[in-house]
Amino acid sequence: MALRTAAAAAPCGLRRFFSTSIPAFNFPPSAAAAAQQREKAEPSTNLFVSGLSKRTTTEKLQEAFSQFGEVLHARVVTDRVSGYSKGFGFVRYATLEEAAKGIEGMDGKFLDGWVIFAEYARPRQPPGPPENNMASPYYRQ
DNA sequence: GCTGAGCGA
């Protein structure tokens with residue numbers, strides 16, 4: 001019968017409709033935090049630069065990134081006791097546009113013989129209870 | 001700081 005076959009075909013489309021209407025995609029709040037650790041951070045004026053030569057200094061870093069925008073602050077992270085570079089650093093631009101240009105211009109480029117990687121820096125430590133003195137990172141820069 | 005992934009005193 002033509003009517004019976006038409007009625008039997010209908011549920012197929014309905015089933016598909018309901019399966020795509022189920023609101024089962026509520027990502028837990030921790031998903032954003034987990035993504036922050038692996039995926040690229042969201043745009044910021046702050047850049048994380050890795051792959052630096054141990055001989056690369058803050059001056060060289062700021063000098064190299066200044067070609068693409070106004071570098072407000074640059075820092076090669078060094079070990080406090082040894083004083084040697086840890087091989088990565090941070091660059092802060094004045095604007096998001098300059099930060100984007102800085103990444104485009106410096107990511108994958110050579111600096112002091114090493115291929116460096118520039119990307120948006122992750123937001124720093126979550127605001128916690130105030131420390132005893134001015135040695136707290138929140139009192140810096 | 002030669003040994004090279006990473007997110008900062």
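The chains referred to below are lettered A, B, ... by the order of the sequence lines, with proteins before strands, and numbering in each begins at 1.
The same atom, C1', is picked in B/dA5 and in B/dG1; the two are 15 Å apart, to the nearest Å.
A straight line from CD of A/Glu119 to P of B/dC7 spans 9 Å, rounded to a whole angstrom. Taking atom CG of residue A/Asp112 and atom P of nucleotide B/dG1, one finds them 16 Å apart after rounding to whole Å. The NZ atom of A/Lys86 sits 13 Å away from the C1' atom of B/dA5 (whole-angstrom rounding). At whole-Å resolution of the value, CZ in A/Arg124 and P in B/dG6 are 20 Å apart.
For A/Trp114, taking side-chain heavy atoms from C-beta onward, the closest of the listed nucleotides B/dG6, B/dG4, B/dA9 is B/dG4. Proximity note for A/Val77 (side chain, C-beta onward) versus B/dC7, B/dG4, B/dG8: the nearest is B/dG8. Nearest nucleotide to the side chain of A/Ala121, out of B/dC7, B/dA9, B/dG4: B/dC7. Nearest nucleotide to the A/Arg122 side chain, out of B/dA9, B/dG6, B/dC7: B/dC7. For A/Arg80, counting side-chain heavy atoms from C-beta on, the closest listed nucleotide (B/dG6, B/dA9, B/dG1) is B/dA9. Residue A/Phe48 places its side chain closer to B/dC7 than to any other of B/dA5, B/dG8, B/dC7.
Both stacking criteria are satisfied for A/Phe90 over the base of B/dG8: a centre-to-centre distance under 5.5 angstrom and an angle between ring planes under 30 degrees.
Residue contacts shown for A/Thr56 are absent, as no nucleic acid heavy atom lies under 4.0 Å away. Using a 4.0 Å heavy-atom distance criterion, A/Tyr120 is classed as a base contact.
Between atom CD of residue A/Gln62 and atom CD of residue A/Glu70 there is a gap of 10.0 Å, rounded to the nearest 0.5 Å. Going from atom OG1 of A/Thr45 over to atom CZ of A/Arg92 covers 5.0 Å, rounded to the nearest 0.5 Å.
Under 3.5 Å, the side chain of A/Asn46 and the base of B/dG8 form at least one donor-acceptor pair of N or O atoms.
Partners of A/Glu59 under the side-chain hydrogen bond (donor to acceptor under 3.5 Å, both in side chains) rule, at least two apart in sequence or in another chain, are A/Thr57.
When the shell of 6.0 Å around CD of A/Glu104 is examined, it contains 12 or fewer heavy atoms from other residues, nucleotides or ligands.
In this structure, A/Arg55 reaches the B/dC2 phosphate: one of its side-chain N or O atoms is under 4.0 Å from OP1 or OP2.
Through direct or indirect side-chain contacts shorter than 4.5 Å among Ile, Leu, Val, Met, Phe, Trp and Tyr, A/Phe65 is connected to A/Leu47, A/Val49, A/Leu52, A/Leu61, A/Phe68, A/Val71, A/Val76, A/Val91, A/Tyr93, A/Ile103, A/Met106, A/Leu111, A/Ile116, A/Tyr120.
Mapped onto DNA chain B by nearest heavy atom, A/Asp79 and A/Leu52 fall at different nucleotides, with A/Asp79 at the one closer to the 5' end.
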